[in-house]
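Take a look at the structure set out below.
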Amino acid sequence: MRIALFITCFNDTMFPGTGKAVVRLLERLGHTVDFPQAQVCCGQMHFNTGYRREAVPLARRFAEVFGHCEAVVTPSGSCAAMVRDHHRVLDPGLSSPPVYELSELLVDVLGITDVGAWFPHRVTYHPTCHSMRMLRVGDRPLRLLRAVRGIDVVELPAAEACCGFGGTFALKNPDTSNAILADKVHHVRATGAEVLCAGDNSCLMHIGGTLSRMRTGIATRHLAEILAATEEDAHEHPS
């Protein structure tokens, strides 16, 4: 299958390794990955902050760049939700290609849960708000994680609770955000996990910053990076 990668602004500028992991994973599974160089922001930040008029050209640009693609994958539940749920709100005439969050593509489209990964670490999974409440990915990420060889997946208490990031929410309401974050970090630490996994690097950055400042030793990894790992990587510590 020929699949286009929508990397997203956040991953492109701060976590490029996640995009590389998506490519590595899909090519290992026998698929061709395209990366349209003309792609830009999906407009989520503009839309969520009330700048809807400014988001319209971005939505139209997305449709122009990816409109011819058979399928589009993105390592971000929040950006996938923006494209699927809000682009047509901005412009009802837009015709966008099928856009999938990574776990949706693997499980629903490619029909696979065992991707041949190897990650011998104790891992807990945080379901991000957009992936859970808007995309309704359900247990797809966990099914993928549980099929990874060598992994020990442990349940995260109060997993469905928000981490407190919410994009600009963390900037506009820092006290509330930090209070929510404190609860999430407490639950992550209670699992005894070596690694916290999620499908959105924005949430991992938010939680991981506190985990790092507290010197917990708990690393963060995007789902794509764990699924892309192979036995050759097993000797490396995830920190």
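Atom set for the values below is all heavy atoms of this structure, side chains included, hydrogens, waters and symmetry mates excluded.
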Do [X] and [Y] sit in the same hydrophobic cluster, where Ile, Leu, Val, Met, Phe, Trp and Tyr count as joined when their side-chain heavy atoms come under 4.5 Å apart?
X: Val137; Y: Met82; result: no
X: Phe119; Y: Val107; result: yes
X: Met132; Y: Leu142; result: no
X: Met134; Y: Tyr100; result: no

Which residues pass the side chain to side chain contact (heavy atoms under 4.5 Å, CB included) test with [X], not counting sequence neighbours?
X: Ser212; result: none
X: Ala224; result: Thr18, Ala21, Val22, Leu102, His222
X: Pro157; result: His187, Thr191
X: Glu27; result: Val23, Val33

Taking [X] for its side chain and [Y] for its backbone only, find out whether a donor-acceptor pair lies under 3.5 Å.
X: Arg2; Y: Asp34; result: no
X: Arg189; Y: Ile218; result: no
X: Thr128; Y: Gly199; result: no

Nearest 0.5 Å, please: how far is [atom2] in [Y] from [atom1] in [X]?
X: Glu101; Y: Leu106; atom1: CD; atom2: CG; result: 8.5 Å
X: Thr49; Y: Glu54; atom1: OG1; atom2: CD; result: 10.0 Å
X: Gln39; Y: Asp12; atom1: CD; atom2: CG; result: 7.5 Å
X: Asp139; Y: Leu144; atom1: CG; atom2: CG; result: 9.5 Å
X: Phe10; Y: Cys42; atom1: CZ; atom2: SG; result: 13.0 Å
X: Ile180; Y: Ile207; atom1: CD1; atom2: CD1; result: 11.5 Å

List the atom of [X], the atom of [Y], and the distance in Å for their closest heavy-atom pair.
X: Pro98; Y: Cys69; value: CD-O, 4.3 Å
X: Leu135; Y: Gly77; value: CD1-O, 3.5 Å
X: Thr74; Y: Ala80; value: CG2-CB, 3.6 Å
X: Gln44; Y: Cys79; value: NE2-SG, 3.6 Å
X: Ile7; Y: Gly19; value: CD1-CA, 3.3 Å
X: Ser95; Y: Ala63; value: O-CB, 4.1 Å

Test item: [X] and [Y] side chains (from C-beta on) under 4.5 Å apart, heavy atoms:
X: Ile151; Y: Leu145; answer: yes
X: Val109; Y: Val73; answer: no
X: Arg28; Y: Thr230; answer: yes
X: Met1; Y: Leu26; answer: no
X: Phe15; Y: Leu204; answer: no

Checklist entry - Could you give all pairs that pass the ring-ring contact (aromatic ring centres under 6.0 Å, His included) test and reach residues 21-57, with sequence neighbours left out? => result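 ring-ring contact (aromatic ring centres under 6.0 Å, His included) check on residues 21-57 returns Phe47-His86.
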Salt bridge (charged side-chain N to carboxylate O under 4.0 Å, His left out): which pairs involve [range], sequence neighbours left out?
range: residues 66-79; result: none
range: residues 87-98; result: Arg60-Asp91
range: residues 107-116; result: Asp108-Arg140, Asp114-Arg149
range: residues 150-164; result: Arg122-Asp152

Item to check | Residue list, side chain to side chain donor-acceptor pair (under 3.5 Å) with His126, at least two apart or on another chain | outcome: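 Here the qualifying residues are Lys184.
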Next on the checklist: Pair Tyr125, Val153 - check side chain to side chain contact (heavy atoms under 4.5 Å, CB included), show working.
Outcome noted: CA-CA 8 Å; Tyr125 170 74; Val153 179; 5.5 Å; no
Checklist entry - For Val65, what are the other residues in its hydrophobic cluster, where any two members join if their side-chain heavy atoms are less than 4.5 angstrom apart? => result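 In the cluster with Val65 are Phe6, Phe62, Phe66, Val72, Val83, Val99.
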Item to check | Transitive ILVMFWY cluster of Leu58, excluding itself - 4.5 Å side-chain cut-off | outcome: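 Cluster partners of Leu58: Val40.
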Next on the checklist: Name the residue from Leu223, Val115, Ile226 that meets the side chain to side chain contact (heavy atoms under 4.5 Å, CB included) definition with Leu25.
Outcome noted: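 Filter result, single survivor: Val115.
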Checklist entry - Can Asn201 and Met14 be said to form a side chain to side chain contact (heavy atoms under 4.5 Å, CB included), step by step? => result CA-CA 9 Å; Asn201 273 323; Met14 300 189 70; over 6 Å; no
Item to check | Derivation and outcome, side chain to side chain contact (heavy atoms under 4.5 Å, CB included), residues Val89 and Arg52 | outcome: CA-CA 10 Å; Val89 173; Arg52 296 195 173 192; 4.2 Å; yes
Next on the checklist: Quick check on Met205: does its CE atom have over 12 non-hydrogen neighbours (other residues, nucleotides or ligands) under 6.0 Å away?
Outcome noted: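 It does: Met205 CE has more than 12 such atoms within range.
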